[in-house]
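Take a look at the structure below.
Note that these values count all heavy atoms, side chains included, but never hydrogens, waters or copies made by symmetry.
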Amino acid sequence: MSKKRGLSLDEKREKMLQIFYESQDFFLLKELEKSGPKKGVISQSVKDVVQTLVDDDLVFKDKIGTSVYFWSLPSCAGNQLRNIQRKLSSDLQSSESRYAELIDQCNSLKKGREESDEREDALVDLKAIEQKYNELKDEILQYSDNDPATFEAMKNAIEVAHAAANRWTDNIFTLRQWCSNNFPQAKEQLDHLYAEIGITDDFDYLELPAAVPLSSPGDQV
């Protein structure tokens with residue numbers, strides 16, 4: 001013997017609406033949970049099913065005092081369905097209008113694009129031009145290092161780095177002078193320390209090299 005199939009959500013919604021329409025009364029949730037099984041809807045699922053009906057404006061609820069009442073009348077459902085029908089009809093009309101506009105645009109764009117030998121030749125030329133464009137773009141990338149904007153950015157970065165290096169060089173000189181003034185008896189130890197970390201007699205400020213002029217693409221051929 002096959003097991004009895006349970007009700008789908010749509011079927012449960014229909015059964016619960018029948019309870020409201022047949023009585024046209026107001027219900028507490030616990031009353032609906034008692035009435036639901038009589039229609040084949042188990043009490044445990046009544047709350048969730050009724051909430052879906054409330055969300056779709058097919059059932060209304062309101063709190064009176066400490067109690068929450070639910071109700072629905074056939075006329076309310078009819079109005080709701082009519083509103084939905086009007087909206088769907090309006091959407092359909094808008095979609096049909098937009099579809100007609102797109103058809104007109106498509107037909108308009110087709111004008112002058114009919115298949116012909118002249119059109120085929122033009123498409124071949126266009127493809128050749130696009131290929132040449134891509135080749136030139138790749139060639140330009142090869143000379144990106146000589147791009148004036150890139151060169152200027154590198155020049156500015158070098159100037160910033162040069163100024164920072166000499167600023168730290170100046171700080172080192174200041175620190176050496178302070179150590180010499182405050183610890184004259186440790187001159188030998190300090191000189192040994194300086195030598196270990198690379199501060200020798202030839203340690204001095206950095207000179208900024210002269211800028212190298214940009215070379216033209218023809219110079220590199």
Side-chain angles (χ1 to χ4, degrees), residues 9 44-45 47-52 54-57 61 63 66 68 87 91 94-95 98-99 101-102 105-106 108-113 115-221:
L9 177 59
Q44 292 86 344
S45 64
K47 181 179 180 181
D48 293 335
V49 174
V50 171
Q51 185 59 49
T52 66
V54 172
D55 294 339
D56 291 341
D57 294 330
K61 72 174 182 179
K63 187 174 183 180
T66 58
V68 178
K87 183 180 184 306
D91 292 344
S94 298
S95 297
R98 179 57 179 163
Y99 174 75
E101 291 177 2
L102 292 175
Q105 289 180 12
C106 182
S108 176
L109 291 173
K110 285 181 179 179
K111 294 180 180 179
R113 299 186 181 186
E115 294 296 332
S116 65
D117 293 339
E118 183 180 356
R119 175 176 168 79
E120 289 297 326
D121 293 340
L123 290 175
V124 171
D125 292 342
L126 176 61
K127 185 174 182 180
I129 292 173
E130 289 177 343
Q131 183 177 354
K132 184 62 176 178
Y133 168 78
N134 290 328
E135 291 174 356
L136 292 174
K137 186 168 65 172
D138 292 339
E139 185 176 353
I140 289 175
L141 290 176
Q142 298 177 9
Y143 302 120
S144 59
D145 290 341
N146 287 331
D147 179 69
T150 302
F151 178 80
E152 189 64 26
M154 293 175 61
K155 179 182 175 182
N156 293 336
I158 291 173
E159 291 175 352
V160 171
H162 174 260
N166 281 341
R167 184 166 59 251
W168 281 104
T169 300
D170 193 52
N171 291 338
I172 292 173
F173 284 149
T174 301
L175 179 61
R176 286 184 62 179
Q177 185 62 43
W178 184 85
C179 290
S180 298
N181 294 338
N182 289 274
F183 307 102
Q185 71 279 9
K187 181 178 183 303
E188 184 176 347
Q189 293 90 330
L190 289 173
D191 289 342
H192 180 70
L193 174 63
Y194 298 150
E196 283 187 343
I197 61 177
I199 303 176
T200 58
D201 292 339
D202 60 351
F203 181 78
D204 203 348
Y205 295 101
L206 295 176
E207 293 293 335
L208 186 65
V212 179
L214 286 175
S215 59
S216 63
D219 297 336
Q220 300 182 6
V221 177

For a quick test of reading the model, state the closest non-hydrogen atom pair linking His162 to Leu206 and the distance between them. NE2-O, 2.8 Å

Contacts of type ring pair (Phe, Tyr, Trp, His ring centres under 6.0 Å), residue Trp168, not counting sequence neighbours: none

Determine whether the side chains of His192 and Glu188 contain a donor N or O and an acceptor N or O closer than 3.5 Å. no

Please examine the side chains of [Y] and [X], heavy atoms only from C-beta on, and report whether any two atoms are closer than 4.5 Å.
X: Leu175; Y: Cys179; answer: yes
X: Val54; Y: Val50; answer: yes
X: Asp48; Y: Gln51; answer: no

Evaluate Asn134 against Glu130 for side-chain hydrogen bond (donor to acceptor under 3.5 Å, both in side chains), listing each step before the verdict. CA-CA 6 Å; Asn134 290 328; Glu130 289 177 343; over 6 Å; no

Report the residues that fulfil side-chain hydrogen bond (donor to acceptor under 3.5 Å, both in side chains) with [X], sequence neighbours left out, ordered by chain and then residue number.
X: Lys127; value: none
X: Asp91; value: Lys87
X: Glu101; value: Arg98

Gap between atom CD1 of Ile172 and atom CD1 of Ile199 - 0.5 Å precision: 4.5 Å

Atom pair OG (Ser180) and CG (Asp191), whose distance is rounded to the nearest 0.5 Å: 7.5 Å

Test of understanding: with side chain to side chain contact (heavy atoms under 4.5 Å, CB included), list the residues that count as partners of Thr169, not counting sequence neighbours. Asn166, Phe173, Phe203, Tyr205

For Lys63, all residues meeting salt bridge (charged side-chain N to carboxylate O under 4.0 Å, His left out), sequence neighbours excluded: none

